[in-house]
> 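Pasting a structure here, questions to come.
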Amino acid sequence: MNNRKVRVRFAPSPTGPLHMGGVRTALFNYLFAKKNNGDFLLRIEDTDQHRYVSGAEEYIMKSLEWCGLKVDEGIREGGPHSPYRQSERKGIYKQYADQLVESGDAYYAFDSAEELDRLRHDAEANEQNFIYNATTRLNLRNSFTLSTEEVRQKLDSGEHYVIRFCMPEDQVVTEEDIIRGEVSFKTSLLDDKVLYKSDGMPTYHLANVVDDHLMKITHVIRGEEWLSSMPLHVLLYRALGWKETMPRFAHLPLILKPIGKGKLSKRDGDKMGFPVFPLLWTDPKSGEISRGYREDGYFPEAFINMLAFLGWNPGTEQELFSLEELTENFSLERVGKSGAKFDPEKAKWFNHQYLIRKADDEIAELFVPILESKGIKCPLNKDKLVHICGLLKERVDFISELWDQSYYFFQAPTAYDAQFTKKRWKQDTNQIIEEALKFLNTLDDWDAVALKEKFSDYVNEKGWSFGSVMNPLRLCLVGAGIGPDLFEIFAILGKKESIQRINSALETIHI
RNA sequence: GGCCCGUUCGUCUAAGGGUUAGGACGCAAGAUUUUCAUUCUUGUAAUAGGAGUUCGAAUCUCCUACGGGCUACCA
C-alpha cells in the first residue's frame with residue numbers, strides 16, 4: 001500500500017516495573033523493526049497521573065538496556081518527534097479532540113462519574129449492560145441532549161466535561177490483524193469511549209492514535225489485551241482523516257501462569273519462586289522488593305531467547321538464538337495466536353545453555369564476586385580458577401550455583417558427609433589410605449594426567465578396587481561425595497594441600 | 001452477562017488436506033563413571049468433544065465445551 005519506512009513503538013505506562021510480558025512486547029517490536037530496517041521508538045504513555053509511579057520510567061529504560069534492545073527514538077534518545085513522553089505532549093491532543101467534535105465524530109459529555117456508576121450498577125442489578133452509546137446517549141447529559149447554547153455556557157463556565165467518541169450506530173468494523181487475520185466488531189455493541197478527560201489529558205485511545213500518526217508509526221505491535229480496542233482505534237484513524245497511513249495491527253498472545261488459570265502475575269513469581277520482572281524492583285511506596293531476572297543470575301541473552309520462544313518459533317529445530325539471529329529470523333507471521341504458559345524450568349535450561357557456551361575465563365570473572373561474597377579472596381591463581389569453572393560449568397544453571405559445586409577448592413573440609421562416609425569408609429580404609437598416602441608422597445609430578453596414570457598403576461598393583469580407594473580419598477579431599485574427576489581435584493589443590501587434607505581426614509574419621 | 005480471541009504430548013511448539021503427528025523442556029529407564037553430575041541411548045505422552053465438506057482432515061466449515069482478554073474520565 002505504501003513504502004514508508006517501518007517504524008514501531010513500545011509504549012508502556014510508567015505504572016510500575018515492566019513485566020516480562022511487556023519486555024516480550026518490546027522485544028517483538030524491536031525484532032520486527034530491525035528485521036525490516038526500521039526504527040524502534042520508546043514512548044511513555046503517562047496520561048494517567050494517578051497511576052504514575054516514580055522510578056518506573058527509569059526502570060523501563062534500564063530493562064530494555066539490559067536486554068540489549070536499543071531504542072532509536074525515545075525520551076532519553078530524543079528524535080524528530082520529541083517529546084516522547086505523553087504528559088509533555090499534552091498541548092497537542094486537544095486540537096484533535098476539537099477536530100472530532102467539529103466533524104461530528106465526538107461530542108461533549110457532562111455526566112458525572114457518580115451518575116454513570118449508578119447507571120452501570122442499576123443495569124447490572126437488572127442483568128443488563130449499560131453502554132454509553134447510541135442506545136443511551138440521548139438520555140444523558142451531552143451535546144445531543146443539551147442545546148448548543150447550554151453546552152457553550154457550561155464550557156465557558158468551566159464545568160467539568162469530557163469528550164466522547166460518537167460510536168456509529170450500526171456498522172461492522174473489520175480490520176486485518178497480522179497475527180489473527182480478519183477481525184470484525186459490531187459498533188452497536190461498542191461504547192462511546194472517552195477521548196479527552198476532564199483533567200485536560202487525553203485518554204490512552206486518543207493519545208495513542210494521535211501519537212502513532214504523528215510519529216509515523218507503521219505497525220502497532222501490542223498485547224492481546226488491546227484487541228478489543230482495535231475497532232475504536234480504526235474508527236479514530238478514519239475520523240481523523242488518516243486512513244491512508246493507518247498502521248497495521250498485530251496483537252500478541254498473552255503469557256500465562258505456569259499452573260492454573262489466567263495471565264502471569266507478580267504473585268505467581270512469588271509463589272513459585274521465579275522472577276516476573278527483568279530487574280530487581282523496590283516499590284517506592286511499600287518498600288516491597290520484587291526479584292529480577294538479572295539479579296537471579298540470568299544472562300540477558302538467555303532471558304531474551306526464552307522470551308522470544310514464548311509465542312514465536314523459527315519453524316526449525318534450532319532453539320538457541322542470539323539477538324542478531326532472532327532479528328534475522330523473526331517474522332510476525334510465525335507468532336502463534338494462543339497464550340503461552342510460562343515454564344520456569346525451561347527458562348533455567350536456556351540459561352544453562354548460555355552458561356556452558358561461555359568461555360571458562362569469562363565464567364571465572366563472573367564467579368569472582370561470588371567468591372568474594374563468601375569471604376574467599378583470590379585464593380588461587382587465575383588459571384586454576386578458570387580451570388575449575390571449566391570443570392564445573394556443565395553442572396549448573398547459574399554462576400552462583402558454582403559455589404555449591406566448588407567450595408571445597410577454597411576451603412578444606414571441616415566435616416565429612418555422614419552418609420557418604422558410612423557408605424564408603426570401611427574397616428580397612430584407614431590402612432589403605434595410609435598406604436596410598438605414602439605412595440602419593442613419593443610422587444612429584446602433580447599433574448592430573450600423570451597422577452592418574454601413576455596412581456592407577458599403583459592401585460592395580462596393590463590389587464585394590466578403585467572404589468575402595470578413590471571414594472575415601474574423595475571424602476578426604478572434598479568432605480563429600482561430589483565433584484569432578486578426583487585427579488583434577490588433586491592437581492588443583494596441589495600436593496601440599498592434598499596431603500594435608502588426607503592427613504586431617506585420617507585423624508578425624510573413625511568408624 | 002455481553003463482545004472479541006483462542007484450543008496439538010504435563011509445558012513451549014512443528015506439521016501451510018495425504019507423515020509411524022516431529023523437536024525441545026520435564027519426567028523415567030539403561031549405558032558410561034572412583035562419587036555426584038555431565039554425556040549418550042531409549043522410553044513417556046497430544047490433535048478438547050461432536051457433526052459436516054472431502055477419496056482423504058490436526059489442517060476447511062458449523063455447533064458444544066473449556067481457556068483467555070476486554071467490558072473506567074486505567075493503560
Side-chain angles (χ1 to χ4, degrees), chain A residues 11-15 45-48 50-51 109 111-113 116-117 120 123-124 127-132 160-164 177 179-181 183-186 188-191 193-199 201-205 207-208 222-231 251 253-254 256 258-259 261-263 306 309-319 333-334 336-350 356 391-396 405 417 420 423-424 452 456 459 465-475 478 480-487:
Chain A
S13 294
T15 54
E45 311 227 322
D46 56 348
T47 52
D48 185 359
H50 305 291
R51 296 213 306 158
D111 319 274
S112 72
L116 295 175
D117 268 353
R120 285 196 186 93
E124 213 173 301
E127 294 190 346
Q128 304 244 304
N129 294 317
F130 170 77
I131 307 179
Y132 203 128
H160 277 6
Y161 70 95
V162 299
I163 295 176
R164 284 181 181 273
D177 182 279
I179 292 168
R180 283 149 218 287
V183 185
S184 297
F185 300 84
K186 293 190 193 69
S188 56
L189 276 349
L190 270 23
D191 62 345
K193 275 272 176 298
V194 171
L195 301 177
Y196 197 79
K197 301 186 271 188
S198 59
D199 64 0
M201 274 287 198
T203 59
Y204 167 83
H205 303 291
N208 188 264
R222 72 224 308 189
E224 192 186 341
E225 67 268 28
W226 294 110
L227 187 57
S228 343
S229 42
M230 183 164 75
H251 290 93
L254 266 16
L256 276 16
I259 49 173
K261 305 167 178 181
K263 64 174 175 180
M306 176 274 288
F309 271 72
L310 246 30
W312 174 85
N313 78 81
T316 66
E317 288 183 0
Q318 184 182 346
E319 286 198 275
E333 285 71 24
R334 290 209 67 89
K337 303 184 216 302
S338 51
K341 285 192 176 181
F342 171 63
D343 180 2
E345 286 305 317
K346 188 103 189 208
K348 285 185 196 166
W349 177 81
F350 272 108
I356 61 178
L391 240 30
L392 300 175
K393 65 179 179 182
E394 285 278 1
R395 302 166 174 244
V396 299
Q405 297 291 335
D417 182 83
F420 192 70
K423 190 170 165 196
R424 304 294 189 183
K452 182 171 200 151
S456 299
V459 170
S465 78
F466 261 86
S468 67
V469 195
M470 301 307 286
N471 286 314
L473 277 178
R474 177 176 295 279
L475 191 62
V478 176
I482 60 165
D485 181 72
L486 195 58
F487 295 102

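Residue numbering restarts at 1 for every chain, and letters A, B, ... go by the order of the sequence lines.
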> So what's U44(B) paired with, Watson-Crick or G-U wobble, going by both distances under 3.5 Å?
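Result: G26(B).
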> Which nucleotide in the set C36(B), G1(B), A75(B) lies at the smallest distance from any side-chain heavy atom of Glu225(A)?
A75(B)
> What's Lys263(A) touching, base or sugar-phosphate or nothing? Going by heavy atoms closer than 4.0 Å.
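Sugar-phosphate, backbone atoms only, no base.
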> Polar atoms only, N or O, under 3.5 Å: list the protein pairs with nucleotides 62-66 of chain B and their distances.
none

> Considering non-hydrogen atoms only, spot the tightest contact between Phe185(A) and Ser228(A) and give its length.
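Closest approach of Phe185(A) to Ser228(A): CE2-CA, 4.3 Å.
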> From NE2 of His50(A) over to P of A75(B), roughly how many Å is that when rounded to an integer?
10 Å
> Using the P atom as the reference point in each nucleotide, state the distance between C62(B) and G26(B) in Å, no decimals.
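To the nearest whole Å, 40 Å.
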> With sequence neighbours left out, what residues match Arg424(A) under salt bridge (Lys or Arg N to Asp or Glu O under 4.0 Å)?
none
> Can you figure out which of C70(B), A75(B), A14(B) approaches the side chain of Arg334(A) most closely?
A14(B)
> Can you give one letter per nucleotide of nucleotides 43-50 of chain B, 5' to 3': B if a protein heavy atom sits under 4.0 Å from the base, S if only from the sugar-phosphate, - if neither?
--------
> Find the partner of C66(B): check Watson-Crick (N1-N3 plus N6-O4 or O6-N4) and G-U wobble (N1-O2, O6-N3) distances, both under 3.5 Å, and reply none if neither fits.
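Its partner is G6(B).
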> With the sugar-phosphate defined as primed atoms, P, OP1 and OP2, and the base as all remaining atoms, what B/S/- string results for nucleotides 20-34 of chain B, 5' to 3', for protein heavy atoms under 4.0 Å?
--SSBS--------B
> From the options U71(B), C70(B), A75(B), select the nucleotide whose nearest atom is closest to the side chain of Tyr204(A).
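Per side-chain heavy atoms of Tyr204(A), the pick is A75(B).
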> Sort me out a list of protein N/O and nucleotides 4-6 of chain B N/O pairs below 3.5 Å, or just none if empty.
unit_1 : atom_1 : unit_2    : atom_2 : d
C5(B)  : O2'    : Arg180(A) : NH1    : 2.5
C5(B)  : O2'    : Glu224(A) : OE2    : 3.4

> With a non-hydrogen cut-off below 4.0 angstrom, is Thr47(A) in contact with a base, only sugar-phosphate, or nothing?
sugar-phosphate
> Using Watson-Crick or G-U wobble geometry with both distances under 3.5 Å, which nucleotide pairs with C60(B)?
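Looking at the geometry, C60(B) pairs with G52(B).
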> Can you tell me, in whole Å, how much space there is between the P of G50(B) and that of U44(B)?
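So the two P atoms sit 24 Å from each other.
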> Which of the following nucleotides, G68(B), A75(B), A72(B), is nearest to the side chain of Arg120(A)?
A72(B)
> Say we look at C60(B) and C5(B): how far apart would their P atoms be, to the nearest angstrom?
15 Å
> Determine, for Lys346(A) against Glu319(A), whether the closest basic-nitrogen to carboxylate-oxygen distance falls under 4.0 angstrom.
yes
> Does a side-chain heavy-atom distance below 4.5 Å link Pro314(A) with Phe309(A)?
yes
> Measuring only the C1' atom in each nucleotide, how far is A14(B) from U47(B)? A whole number of Å is fine.
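Approximately 12 Å lies between the C1' atom of A14(B) and that of U47(B).
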> Side chain to side chain donor-acceptor pair (under 3.5 Å) with Lys193(A): which residues, sequence neighbours excluded?
Asp191(A)
> So what does Gly311(A) touch, heavy atoms closer than 4.0 Å: a base, only the sugar-phosphate, or nothing?
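If one applies the 4.0 Å heavy-atom cut-off, Gly311(A) turns out to touch the sugar-phosphate alone, with no base involved.
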